[in-house]
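Notes for the one structure printed next.
We count ligands from 1, going down the list as the structure has it; atoms in each ligand are counted the same way.
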Amino acid sequence: MLSAKSRPIIEATLPVIAERINDITPDFYRRMFAARPDLMDGMFSRSSQLEGTQPKALAGSIAVFASYILANPDSYPDEVLSRVAHKHASLGLREEEYPTVYKYLFEAIAANLGDILTPEIAEAWTEVYWLMADALIKLEKGLYASQANEVMFAPFRLLERKETGENVIDFTFEAANAVAMTDAVAGQYVSIVTKAKDGLRQARQFTLLPSQKNQRRVAIKLDTAGEMTPILHELAVGDIVEVSNPYGDVTLGAFGDDATKPLYLFSAGIGVTPMIAFLSELATSGSEREVVVVHADRSTATWPLREEMASYVEKLKNARLISFLETAGEGDYEGRVDISKLEVPANASAYLCGPLPFMQGVRSQLVEAGVPGQQIQYEIFGPDQWMLHDQARA
Ligand code: FAD
């Protein structure tokens with residue numbers, strides 16, 4: 001809990017910090033990577049730095065954390081912290097790095113605020129930083145302890161690659177050593193680390209698809225403007241990559257999901273991957289839950305893993321698949337997802353995955369249709385800038 005001494009100082013300075021943090025964080029990262037270039041190797045995404053999304057996500061989380069604890073002195077923003085902790089754990093972030101982040105973040109704050117930063121203000125924000133860091137460290141330790149092994153990454157060999165949809169490859173890797181593997185929960189992801197063109201190791205996250213026990217299977221969409229997917233798409237059978245343990249909290253039954261209520265799964269493009277994992281889990285357990293799967297794509301040909309998705313829906317007693325495809329005559333409906341065609345009940349649980357505008361559009365329509373925001377989960381395939389700024393959730 002924030003101390004009585006720091007509380008009024010944080011209240012008074014939050015507006016200025018929130019306003020300036022988007023300038024502070026790029027400077028913080030510049031300072032940190034200048035002193036610790038090793039952190040860019042395998043941990044931080046170089047593209048997210050260049051694009052500015054990771055700095056914004058970090059900036060958002062500190063400001064959101066501060067405003068949350070001001071408004072709710074007896075609790076923490078659990079959902080945001082959990083999302084961040086899972087991502088950190090998938091990158092193998094260790095407790096020892098938190099003082100490093102503190103050092104360079106506060107150097108950047110001091111440089112930006114100049115004379116405004118009195119020792120009292122610095123002390124109060126130091127307290128906020130460590131409240132957040134300690135909460136994350138605790139969560140991350142729990143996540144590491146729940147794994148079947150003590151390693152952050154293990155080598156996996158590419159066993160099979162198959163094209164699916166447009167520019168998507170379905171990769172199956174098998175364990176290349178005897179390290180015990182943690183069973184993944186449907187909806188979880190792994191970080192896959194490979195070398196970029198200049199030899200720097202870079203991690204990217206990919207949702208796990210159903211696979212055999214000693215395997216990790218993922219479907220990777222090529223991002224032609226991206227750094228790592230063009231390299232991953234070149235992988236040949238027999239090649240070795242490093243794979244993290246499974247992490248991620250967007251799973252069935254998590255947060256607002258009540259397993260007795262109808263389940264609506266909305267995906268677009270490569271956002272199909274968590275839905276395939278959910279459907280497989282439901283089919284394996286013989287679930288009789290009412291499930292409505294809604295997929296949006298350009299056409300049946302661009303839709304990744306379409307047949308697999310349809311086969312799980314067929315296996316489930318109470319599931320149906322509805323498609324919104326841009327190509328006329330190919331789907332159940334033509335064009336963008338329109339909730340009014342689906343009659344979603346207000347007690348439904350919804351999971352969303354796809355491009356951000358798709359998820360924002362579907363979420364707004366669901367909320368308008370009476371589905372409370374806390375019953376809507378989503379996975380963002382990049383640094384999460386949405387949850388942090390999502391006033392509706394707050
Ligand atoms: P990056 O190098 O990360 O680039 C991404 C974008 O950043 C580019 O399109 C470009 O616009 C911009 N960019 C890149 N370099 C620069 C630069 N120098 N300057 C400015 N901007 C730049 N993907 C899947 O395909 N399948 C999945 O199942 C999947 N699951 C995911 C699950 C989670 C939890 C998360 C967080 C992500 C998931 N992703 C998934 C996304 C995946 O991790 C990658 O982000 C994505 O594939 C792009 O990787 P990349 O290295 O090719 O692109």
Exercise. By number and element, which atoms of ligand 1 are closer than 4.0 Å to a non-hydrogen atom of Thr273?
Worked result: 27 (C), 28 (O)
Problem set entry | Tyr102 and its ring-ring contact (aromatic ring centres under 6.0 Å, His included) partner, picked from Phe106, Tyr98, Tyr104 | Phe106
Problem set entry | side chain to side chain donor-acceptor pair (under 3.5 Å) contacts in which one or both residues fall within residues 229-240, not counting sequence neighbours | none
Exercise. Should you measure from each heavy atom of Glu227, which atoms of ligand 1 turn up under 4.0 Å away?
Worked result: 1 (P), 2 (O), 50 (P), 51 (O), 52 (O), 53 (O)
Exercise. Out of curiosity, is Ala219 lining ligand 1, as in a heavy atom under 4.0 Å away?
Worked result: yes
For this session: Using side chain to side chain contact (heavy atoms under 4.5 Å, CB included) as the criterion, list what pairs up with Asp332, not counting sequence neighbours.
Result: Ile322, Ser323
For this session: Between Phe206, Tyr189, Tyr247, flag the one that comes closest to atom 24 (C) of ligand 1 by a heavy atom.
Result: Phe206
For this session: Go through Glu97 and Arg36 one step at a time and tell me if the side chain to side chain contact (heavy atoms under 4.5 Å, CB included) criterion holds.
Result: CA-CA 10 Å; Glu97 304 305 352; Arg36 291 282 310 276; 3.3 Å; yes
For this session: Report the C-alpha distance between Gln147 and Tyr247 in whole Å, list the side-chain angles of each, state the deciding distance to 0.1 Å, and finish with yes or no for side chain to side chain contact (heavy atoms under 4.5 Å, CB included).
Result: CA-CA 10 Å; Gln147 301 297 336; Tyr247 293 99; 3.2 Å; yes
Seminar exercise, completed: Ile380 heavy atoms within 4.0 Å reach ligand 1 at atoms 35 (C), 36 (C)
Exercise. Between Pro274 and ligand 1, which part of the residue brings a heavy atom under 4.0 Å of the ligand: side chain, backbone, both or neither?
Worked result: neither
For this session: Please could you name the atoms of ligand 1 that Thr207 approaches to less than 4.0 Å, counting only its heavy atoms?
Result: 27 (C), 28 (O), 29 (C), 30 (N), 31 (C), 32 (C)
Exercise. Taking distance alone, with no angle check, do Thr229 and ligand 1 share an N/O pair under 3.5 Å?
Worked result: yes
Problem set entry | Full working for salt bridge (charged side-chain N to carboxylate O under 4.0 Å, His left out) between Arg289 and Asp257 | CA-CA 12 Å; Arg289 189 171 182 184; Asp257 180 41; 2.7 Å; yes
Problem set entry | Those atoms of ligand 1 less than 4.0 Å from some heavy atom in Gly226 | 1 (P), 2 (O), 4 (O), 50 (P), 52 (O), 53 (O)
Exercise. Is the shortest distance from a heavy atom of Ile220 to ligand 1 less than 4.0 Å?
Worked result: yes
Exercise. For ligand 1, which atoms sit closer than 4.0 Å to a heavy atom of Ile270?
Worked result: 24 (C), 25 (O), 26 (N)
Seminar exercise, completed: Check: of Ala277, Ser47, Gly187, min heavy-atom distance to atom 15 (N) of ligand 1 comes from Ser47
For this session: Output, in order, the C-alpha distance, side-chain angles, deciding distance and verdict of side chain to side chain contact (heavy atoms under 4.5 Å, CB included) for Asn149 and Met181.
Result: CA-CA 7 Å; Asn149 57 58; Met181 279 174 65; 5.8 Å; no
Problem set entry | Residue pair Lys5, Glu127: steps toward the salt bridge (charged side-chain N to carboxylate O under 4.0 Å, His left out) verdict | CA-CA 10 Å; Lys5 187 176 162 213; Glu127 191 185 333; over 6 Å; no
Exercise. Just going by heavy-atom distances, which of Gln205, Gln202, Arg204 is nearest to atom 38 (C) of ligand 1?
Worked result: Gln205
Exercise. Is the backbone N or O of Asn112 less than 3.5 Å from a side-chain atom of Arg20, with the two atoms forming a donor-acceptor pair by type?
Worked result: yes
